[in-house]
Amino acid sequence: MCITLYIFLYLSFNCISAASILRSGTCQLQGRFKLNGMYQDGDVILGGLFQVHFFTVFPDLSFKMKPEPPHCEKFDMESFQQAQTMAFAINEINKNPSLLPNITLGYHLYDNCVRLGMAFRAAISLASGTEESFSNLNCTGHPPVIGIVGDPSSTPSIAISSVLGLFRVPIVSYYATCSCLSDRKKYPSFFRTIPSDAFQVRAMVQILRYFGWTWVGLVYSDDDYGIYAAQSFQQEMQLIGHCFAFSEILPHDNNHRDIQRIMGVIQASTARVVVVFSTSSFLLPLMDEVVLQNMTGRQWIASEAWATSPVYHTPRFLPFLRGTLGIAVRRGEIQGLHDFLLRLCPSNDPRNNMLRIFWENMFGCSFETGDKETDGEQVKKVCTGQEDLSTTDTPYTDVSGLRAAYNVYKAVYALAHALHDLMQCEEGRGPFSGNSCADIIKLKPWQLVHYLQKVNFTTGFGDHVSFDKNGDALAIYDVLNWQPSSDGSIRIYTVGVVNEGVATGTVLTLDEEAIYWNFETEKPPQSVCSESCPPGTRRATRKGHPVCCFDCLSCGDGEISNTTGAIECTVCPDEFWSNKDKDQCVPKDVEFLSYEEPLGISLTTASLLGTCFCALVMVIFTHHRNTPIVRANNSELSFLLLVSLKLCFLCVLLFIGQPQLWTCQLRHAVFGISFVLCISSILVKTMVVIAVFKSSRPESKGAMKWFGAVQQRCTVLVLTALQVVICAVWLSTASPTPHKNNQYIRSKIVYECAIGSVAGFSMLLGYIGLLAAVSFLLAFLVRNLPDNFNEAKFITFSMLIFCAVWIAFVPAYVSSPGKYAVAVEIFAILASSFGLLVAIFAPKCYIILLHPERNTRHAIMGRETHKK
């Protein structure tokens, strides 16, 4: 709010003043800010804003006279090195014949003194120029500066970009990290060569993911940097499923009770990794308490704000902070910069007063010769300008860790490459209206913004420089590791790089062997709420706990997990099943009634036994074919019945073994035809009994001539032919086929024969049932015939067994799973076949073999006479 009010009052004043001057046709400079700066002339000028002084001292405002301009104090050698890096980069570009040929770059640098007001004054001076008067009201020619390198702080960058962005003046900051500056609608011409805080958070998350640290503690400072960084960090952690054991905010007033409370939380937590987003000043009280309570066994992760802070590199903190991992802005190397810095000389030009200030602070002298300058009680010596910079040892001459200065270097080159691309434009192929190109003589700032957005080059150090759609540079961070040195202090080593590309995303490269771990195992610590679930199990979140705290449950049958820490189990494909450990899908066991298993062997034995019994009965009947008991009731039908029963026994073999197409087609057809042949023979035998009985009566002596041997054969043939037709139609329209069924038993595949057509199978069984019912009914009606015609009783009993077996078969078949359904069907076939064989032929064989005296016509007819 204060920033907005300040800008509004300042612009309102300038607009009123400008309106009064426009009447004269010449723009007059209304005032000149007292700013520390450096200047070098050139065809095109670049502006720069740097924090060369730490403080700004404002005069007292008495409101009785024009106030004195503010002045800056406490010179910062490192920031002045950054300013000189910009001068070096421009000097290097001017000497490069392949970059901006025939164009000489100049610069105009100002000191912002770490104050918003001073930074805004400097930016307005760069954008509007410092000429006393300006009569070209058509605004032709290029602007005073075509772009600005800076400001290094986020708050001034927001204010400056809000105003100069209206005129699309390109601003390339080298140290402003606020993620809010990525808003292209608010800051359309803002770029930066340092990653935003959003990238920093993603870089730290990558480190946590790399080491598998899913359970971490978070500590952050009570300021905008800490609060916004912590919020972004929490969001990123939630996206990847990581959790916080605790989240604590460092007190703004360094309250000792709050510090002790935070220490208690850290010590009580099971998290071994603590992430800290804070500046050094906020964090120092907590680290003092860490030393006081002798707390070890924690892995500290340092944010950019304190990862390189020298205040923690003393022997006092060594036992507790060695092994700390942190991230910092990418360190670079600039060839020739050190020599350039040593060649610096002071200037008498007032526009280069920053050089004189630097010289006086570096050598403790003064260029003022009128009066002796004193510094307290010590008299300052007079500066000659011939002092030797190579004898000094300050941050100004230290180029071993160029981070911010390296970003300045990249920012200057980004503007230079954009200007170079602008000049390479061919008329008629330009990006602007009418395919026009920009004119270097009449250059507009917004035209340079277009090319700056597309900048793409590689520095001499090998770093790729380009901007995304929000003006942010591709993020590159160094991963730092705090290691003990020989003098008992802490030294910082680079052990990795975090690089974020458009196509590759965030990529972390670490040299694990170079990392020092402050643990007895000398290995990375484990920091998880629950150990990862092994293969074969899945995670089950504990109610009321974070998602990182879970139990491991075994996968269900038919499910597997072949990775560590699986969230869900994967269902195996239809023809596969989980193994014992539930970590692999294996082919399901294929189940069918085979000849090798005990059940198959038993049924096969019963089938062959029944066939042998039929053959034995046929041998007995053949040997005794001329005896009355064999010849009675048409012996031909008896032999036909024995043949059909033998086929019934043998058809069982088609139901055993792995189903194949031909066995599936034959098993039910042979079964149906064999049983119809059997039942039709029994039916005809029953009809023969009735006909013989009727023909024995005087009034019906001619009954048998209408049902002789030919008619009997034809009846059996016709009845069997109907079943043959049913089978033929069924097999030709919807033939049974082998089918792998996994619905009965999920863990196995039941290899069975699919019947194809339910209607065809139903007609086959229904026809058998109809014949059996008619046979049973007729036999039952004539069951009380005289003993010499008592075969009807045996037929009745046999058909009763047959019907009972097949009525019981239906529910048993439906309720039997897999191969047991086939076994039930085979059992029904065998049981009914044995029932017919025993009920009809056992009494006759008994008489033939054991009581041959009863196997005579006289004996058979005598029983009837005896009864009478």
Side-chain angles (χ1 to χ4, degrees), residues 2-15 17-18 27 29-39 44-53 56 58 69-72 79 82-83 86 106-131 134 139 142-178 180-181 186-194 351 353-354 407-408 411-412 414-415 444-446 448-449 452 471:
C2 295
I3 296 173
T4 306
L5 181 60
Y6 179 88
I7 295 172
F8 176 76
L9 293 175
Y10 181 84
L11 292 178
S12 299
F13 174 76
N14 282 324
C15 290
S17 301
C27 291
L29 188 66
Q30 298 300 296
R32 186 181 297 273
F33 296 124
K34 184 179 179 180
L35 298 170
N36 302 321
M38 291 192 305
Y39 182 82
V44 177
I45 305 297
L46 298 181
L49 298 174
F50 297 89
Q51 298 176 346
V52 180
H53 285 85
T56 302
F58 288 91
H71 64 279
C72 305
S79 294
Q82 297 163 14
M86 179 174 178
Y107 58 82
H108 203 165
L109 313 182
Y110 283 128
D111 178 13
N112 67 10
C113 302
V114 200
R115 291 291 294 193
L116 173 60
M118 297 296 288
F120 198 75
R121 286 179 171 90
I124 294 300
S125 298
L126 290 173
S128 61
T130 56
E131 298 178 6
F134 187 75
C139 295
H142 56 72
V145 295
I146 63 168
I148 298 175
V149 176
D151 188 285
S153 298
S154 295
T155 300
S157 294
I158 293 171
I160 295 169
S161 298
S162 298
V163 176
L164 299 189
L166 300 175
F167 306 99
R168 299 300 190 269
V169 177
I171 301 172
V172 185
S173 176
Y174 57 91
Y175 223 65
T177 61
C178 181
C180 60
L181 287 165
K186 292 183 179 180
Y187 315 107
S189 61
F190 180 82
F191 299 83
R192 52 183 161 190
T193 54
I194 184 173
R351 292 181 299 181
N353 65 331
M354 193 186 296
N407 284 344
V408 173
V412 174
L415 287 168
K444 301 295 188 295
W446 59 268
L448 187 61
V449 170
L452 190 59

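Both backbone and side-chain heavy atoms feed into the values below; hydrogens, waters and symmetry mates do not. Each residue takes its place number in the sequence, starting with 1.
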For [X], give me all partners under ring-ring contact (aromatic ring centres under 6.0 Å, His included), at least two apart in sequence or on another chain.
{"X": "Tyr187", "result": "none"}
{"X": "His53", "result": "Phe75"}
{"X": "Phe190", "result": "none"}
{"X": "Tyr107", "result": "none"}

Closest heavy-atom pair and its distance - [X], [Y]:
{"X": "Asp151", "Y": "Ser157", "result": "O-OG, 3.0 Å"}
{"X": "Leu452", "Y": "Ala414", "result": "CD1-O, 3.6 Å"}
{"X": "Ala159", "Y": "Leu116", "result": "CB-CD1, 3.7 Å"}
{"X": "Pro156", "Y": "Ala119", "result": "CB-CB, 3.8 Å"}
{"X": "Val449", "Y": "Pro170", "result": "CG2-CB, 3.9 Å"}
{"X": "Gly37", "Y": "Tyr110", "result": "CA-CD2, 4.1 Å"}

Pro152 side chain near Val408 side chain, heavy-atom distance below 4.5 Å: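 They are not in contact (no side-chain heavy atoms under 4.5 Å apart), so the answer is no.
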Test item: Met118 and Leu35 side chains (from C-beta on) under 4.5 Å apart, heavy atoms: yes
From [X] [atom1] over to [Y] [atom2], what is the distance, rounded to the nearest 0.5 angstrom?
{"X": "Ile171", "Y": "Arg192", "atom1": "CD1", "atom2": "CZ", "answer": "12.5 Å"}
{"X": "Arg351", "Y": "Met38", "atom1": "CZ", "atom2": "CE", "answer": "13.0 Å"}
{"X": "Thr155", "Y": "Arg115", "atom1": "OG1", "atom2": "CZ", "answer": "11.5 Å"}
{"X": "Cys72", "Y": "Asp111", "atom1": "SG", "atom2": "CG", "answer": "5.0 Å"}

I'd like to check the side chain to side chain donor-acceptor pair (under 3.5 Å) partners of [X]; sequence neighbours left out, ordered by chain and number.
{"X": "Ser79", "result": "Asp76"}
{"X": "Ser153", "result": "Gln51"}
{"X": "Gln82", "result": "none"}
{"X": "Thr177", "result": "Asp197"}

Salt bridge (Lys or Arg N to Asp or Glu O under 4.0 Å) involving Arg168 - partner list, sequence neighbours excluded: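 If we apply the salt bridge (Lys or Arg N to Asp or Glu O under 4.0 Å) test to Arg168, skipping adjacent residues, there are no hits.
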Residues Leu46, Ile146; criterion side chain to side chain contact (heavy atoms under 4.5 Å, CB included); working and verdict: CA-CA 6 Å; Leu46 298 181; Ile146 63 168; 3.6 Å; yes
Pair Phe50 and Tyr174, ring centroids less than 6.0 Å apart: yes
Ser154 side-chain N/O to Ala176 backbone N/O, donor-acceptor pair under 3.5 Å: no
Check: Ser189 side chain, Val169 main-chain N or O, donor-acceptor pair, under 3.5 Å: yes
With sequence neighbours excluded, residues passing side-chain contact (heavy atoms from CB on, under 4.5 Å) with Ala123: Leu49, Ile160, Leu164
